[in-house]
Amino acid sequence: MQGLNEDVVCEFLAAHPDVLERIVTGPTVTRETFQRWSLRRASLTRKHSRKDFGDATLESRRRAILDHADNRVRILYELSQFCAQLVGTEAVELVIQNNEGAFTCKKTSEGELKLRKASFFSNNALWLTCLELSSTLVLKLKKHRKPASYVQSIINCAHQTIGELHFFVPVPETEKRWLNTLCMWASSVNYFAELSTHALASNGTEETHDNVARQRKLANFLLDVAKSIFHDIVSMDSVIIKVMNFAQKLVDADRASLFLVDAKSKEIYARIFDVGTGEEEHSRLSDTPQKEIRFDISKGIAGYVASTGEGLNIEEAYEDERFNAEVDSKTGYVTKTILCMPIFIRGAVIGVVQMVNKHTGVFTKQDEDSFEIFAVYCGLALHHAKLYDKIRRSEQKYRVALEVLAYHSVCNKDEVNKLKKIQINERVMELETFDFNGMRLSELEKPLYAVYMFRTLFSETLRFDVDDLTRFVLTVRKNYRRVAYHNWAHGWSVAHAMFVLLMKNKSLFTPNEALALFVSCLCHDLDHRGKNNAYMKTMSTPLAAIYTTSVMEHHHFNQTVTILQQDGHNILKSLTSDEYKQTLGLIKHCILATDLALFFANKARLNKIVDAGDFDITSPDHRSLTQAVLMTGCDLIASAKPWSIQTETVKVIFEEFYDQGDAERLSGKQPMAMMDRQQAHQLPQMQVGFMRGICLPCYELIGKVLPRAISLRDRCEYNATKWEELATEQKKSEEKLST
Ligand SMILES: Nc1nc2c(ncn2[C@@H]2O[C@H](COP(=O)(O)O)[C@@H](O)[C@H]2O)c(=O)[nH]1
């Protein structure tokens, strides 16, 4: 019978999809795993289908927009194509809303845009305000139409819905935010394009020219504000003042103020007050609390607008009972006309922009329209300002945390002096065998031997400071957590295995490659929490938010670099900058290779090369694959140790597995059998699977490439047989019990 290995299994499953379906839909694959697999498949498919925004694509889109600037349908169609590319899907439908109703828009094979009545739009009030929009624009979909996974509304500056994009694939949150911004911009620019086209199309009276000039000025300014918001994010206040200055000139007001809502105290306070005209343009930013103008949200015109979300155009302030004369009395200023608009973020009023005393007459309907648009841009600027402040604050907090951690996670002088007092001068021959049992070394001997191994390997090829080396090893030890298996003893044991491999194959790798391999082994599980990548993802841990693949392995590498960067720890400092960069890149490659999920592909590729007789250790690709497989071989070295060490190690491995299983069960998830202490009786059988399915193929491959390491395969084979004997005994005793 053909040996059971991964290729055979894959071949069998490919030939028997029903068996694969039974496994995938059976109890061994949890719902979360199945969902994760289908999401990964969806995103892989999307990634492949996503066309990039290459220059040619962008240019053709830009041309299409310019050539059809007066054609809203075409503009919106081009927008929909952009959005589809952004999300990386073609499963998107454009629905256009106009006076006659809603229409789906599709491009024919001749390139024409065809509109078809889409009678599934529910609202009859075609032009809805922004506030009402989110609540009432509910699509009643026809039975036969597949419901959209995500609907992006397209709202113009006059808060009118001019269309929707229906996506039939899941859209990630990040993409949703980009779609929102893209659609807001496109519809704003389209709105002004239509306005100026409309104005130019009319009889060209003097008033129209002013109107067009005003609208063009408005459009140019809006684009200018957008640029400064996205490029000038540091001084958001200057952007907001710029917006206020322009708004004030546009509506010809004497003064302008921006108030923010303090939801906690139910007050509003002037964030920017009395932006004057002319020389006072750079107004006071009321960031000094004692000067802050602050009053209850129930007071004044600004308070009324903030609490109702309704804009107001007041012609005689003192005749309006809502007006609060207190501020005038404090400033000696006489308010007559007021134009006041709410600023919305996600449907909530976060502030109010207020123009005071139009220089000639009262604020007009046109002022209201223009000012309403500014309220949107003020909101955008404020929103970015808030986000940016939040990021800046969390960055400072992160820096402080890192400083504190760096101080406490670095070895201290006593530890260094203690270790330096002991010197190993003669060669430790027993250390140069795979069977050496690192578990019997004391907490002091392990770092001592780690320094010895490093010096034995690199004294002749690398200039390094022994104190740096001592500090580096002791700090590495300190940054392994006291978990059952993935602790300093494991890191040491993996480094020892690499030490033996390198001593037996001295000319195989260059000094810097050997250095990267040894350092990688010593550091490959730094700060491991005793939980695997699947757990980190399922529990949505911060690490899983940072790294999408090989979560823990990326973290282990990051920790390695952090330690190297600590004062007095850089054992690589004698390398040139190119060598340093190259060696660090190889350390990253090696540490990431210890992600067992990557091993199968590495093994298959290297086996194929070796079996085809093409293996060439001088080929960079073959070297890189060899290094990756050697890392796995060292990582699993416990499976190729003498039986007593193997059983001792497996005990702590499963202790750690069961800790993870307990944590999963506590969070309401069913742990996999290997991590379920209620399945402990299956341990021997599971070990057989692990040894024969992973360890043995690994050492067989290593034996092909490094003949001097074939002993690992033999030792592993012996241990696998021992586990099989135990599994058989276990099975017999269970059968006896059940009879
Ligand atoms: N079932 C077993 N799993 C084992 C054994 N030895 C190691 N392992 C697991 O393999 C990976 C190795 O990656 P690492 O870099 O995290 O050490 C890890 O998940 C170990 O738990 C074994 O004998 N049996």
Side-chain angles (χ1 to χ4, degrees), residues 431-439 441 446 449-450 452-454 456-458 473 476-477 480 485-506 508-509 513-526 528 550 552-553 556-557 560 583 586-600 602-603 606 617 623-642 645-646 649-650 652-653 690-691 694-716 719:
L431 207 57
E432 296 180 28
T433 64
F434 289 116
D435 286 359
F436 180 83
N437 180 7
M439 295 173 110
L441 293 179
K446 278 198 227 24
Y449 279 122
Y452 165 82
M453 290 191 283
F454 189 97
T456 307
L457 287 170
F458 307 115
V473 168
V476 166
R477 178 182 70 169
Y480 271 95
Y485 172 66
H486 285 101
N487 49 39
W488 162 242
H490 171 61
W492 188 94
S493 154
V494 172
H496 168 256
M498 184 55 77
F499 168 73
V500 177
L501 271 173
L502 294 171
M503 291 297 279
K504 287 178 179 294
N505 301 276
K506 283 199 171 160
L508 186 67
F509 295 112
E513 286 173 327
L515 174 64
L517 285 160
F518 182 77
V519 170
S520 303
C521 286
L522 197 67
C523 303
H524 87 284
D525 269 336
L526 270 170
H528 200 292
S550 304
M552 287 314 297
E553 289 72 19
H556 303 324
F557 170 68
T560 306
T583 306
L586 186 49
I587 289 172
K588 180 171 187 177
H589 165 69
C590 291
I591 293 181
L592 291 185
T594 63
D595 179 356
L596 219 44
L598 306 180
F599 165 66
F600 301 103
N602 291 336
K603 175 179 64 74
L606 190 53
I617 193 60
R623 287 175 94 76
S624 169
L625 269 174
T626 304
Q627 288 150 1
V629 172
L630 286 181
M631 286 301 296
T632 304
C634 293
D635 195 8
L636 305 178
I637 195 63
S639 64
K641 288 280 189 186
I645 301 174
Q646 159 62 187
T649 310
V650 166
V652 292
I653 288 176
F690 185 78
M691 306 285 271
I694 295 176
C695 303
L696 262 175
C698 178
Y699 295 121
E700 272 158 5
L701 177 53
I702 290 175
K704 290 181 202 170
V705 174
L706 304 184
R708 293 199 193 99
I710 196 61
S711 63
L712 294 172
R713 185 226 162 279
D714 302 338
R715 181 68 82 190
C716 185
N719 289 334

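The analysis underlying the following values was restricted to heavy atoms, covering all of them including side chains, and did not include hydrogens, waters or symmetry mates.
To the nearest 0.5 Å, the span separating CE on Met631 from CG on Leu501 amounts to 11.0 Å. Here Asp595 contributes atom CG and Met552 contributes atom CE; the two are 11.0 Å apart, rounded to the nearest 0.5 Å. Within the model, atoms CG of Leu636 and CD1 of Ile653 stand 8.5 Å from one another, a figure rounded to the nearest 0.5 Å. In this structure, the separation between CZ on Phe690 and CG on Leu696 is 11.0 Å, given to the nearest 0.5 Å. We find the SG-CZ distance between Cys590 and Phe518 to be 13.0 Å, quoted to the nearest 0.5 Å. From Thr433, atom OG1 reaches atom CE of Met503 across 11.5 Å, with rounding to the nearest 0.5 Å.
The closest side-chain heavy-atom distance from Leu522 to Phe499 is not below 4.5 Å. Using a 4.5 Å heavy-atom cutoff, the side chains of Met498 and Leu502 are in contact. In this structure, Glu513 and Gln627 have side chains that are in contact, with non-hydrogen atoms separated by less than 4.5 Å. Using a 4.5 Å heavy-atom cutoff, the side chains of Asn437 and Lys641 are not in contact.
The heavy-atom pair separating Cys634 from Val494 by the smallest distance is O-CG2, 3.5 Å. Summarising the geometry of Gly633 relative to Ile702, their closest heavy-atom pair is CA-CD1, 3.8 Å, with the distance given to 0.1 Å. Across Ala495 and Cys521, no two heavy atoms sit closer than the pair CA-CB, 3.5 Å. Taking each heavy atom of Ile694 and Pro697 in turn, the nearest pair found is O-CD, 3.2 Å. Residues Ala497 and Ile637 approach most closely at CB-CG1, 3.7 Å, considering heavy atoms. Annotation for Met691 and Asn719: closest pair CE-CB, 3.3 Å, computed over non-hydrogen atoms.
Partners of Glu553 by side chain to side chain donor-acceptor pair (under 3.5 Å), not counting sequence neighbours, listed by chain and number: Asn533. Shown here are the side-chain contact (heavy atoms from CB on, under 4.5 Å) partners of Val500, two or more places apart in sequence or in another chain: Phe434, His496, Lys504. Looking at residues two or more places apart in sequence or on another chain, you find a salt bridge (Lys or Arg N to Asp or Glu O under 4.0 Å) between Asp435 and Arg715. In this structure Phe458 satisfies the ring pair (Phe, Tyr, Trp, His ring centres under 6.0 Å) test together with Phe454, sequence neighbours excluded. Contacts of Ile617 classified as side-chain contact (heavy atoms from CB on, under 4.5 Å), with partners at least two apart in sequence or in another chain: Leu508, Phe615, Arg623, Thr626. Legend: residues meeting side-chain contact (heavy atoms from CB on, under 4.5 Å) with Lys588, ordered by chain and number and at least two apart, are His554, Phe557, Leu592. Not counting sequence neighbours, Tyr452 has no partner by the ring pair (Phe, Tyr, Trp, His ring centres under 6.0 Å) test. Annotation: side chain to side chain donor-acceptor pair (under 3.5 Å) contacts of Asp635 (sequence neighbours excluded): His490, His524. Residues passing the side-chain contact (heavy atoms from CB on, under 4.5 Å) test with Ala638 are Gln646, Thr649, sequence neighbours excluded. Residues that satisfy the ring pair (Phe, Tyr, Trp, His ring centres under 6.0 Å) test with His556, not counting sequence neighbours, are His528. Shown here are the side chain to side chain donor-acceptor pair (under 3.5 Å) partners of Thr583, two or more places apart in sequence or in another chain: there are none. Taking the side chain to side chain donor-acceptor pair (under 3.5 Å) definition, one finds that Lys603 meets it with Glu6, sequence neighbours left out.
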Step by step, would you call Thr632 with Asn602 a side-chain contact (heavy atoms from CB on, under 4.5 Å)?
-> CA-CA 10 Å; Thr632 304; Asn602 291 336; 5.7 Å; no
Dump the intermediate steps for side-chain contact (heavy atoms from CB on, under 4.5 Å) on Leu515 and Ile587, then the final yes or no.
-> CA-CA 9 Å; Leu515 174 64; Ile587 289 172; over 6 Å; no
Kindly determine whether Leu441 and Phe436 satisfy side-chain contact (heavy atoms from CB on, under 4.5 Å), including the steps that lead there.
-> CA-CA 10 Å; Leu441 293 179; Phe436 180 83; 3.9 Å; yes
Derivation and outcome, side-chain contact (heavy atoms from CB on, under 4.5 Å), residues Trp492 and Met453 | CA-CA 11 Å; Trp492 188 94; Met453 290 191 283; 3.8 Å; yes
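Between Trp488 and Tyr480, the ring-plane angle classifies as tilted under the 30° and 60° cut-offs.
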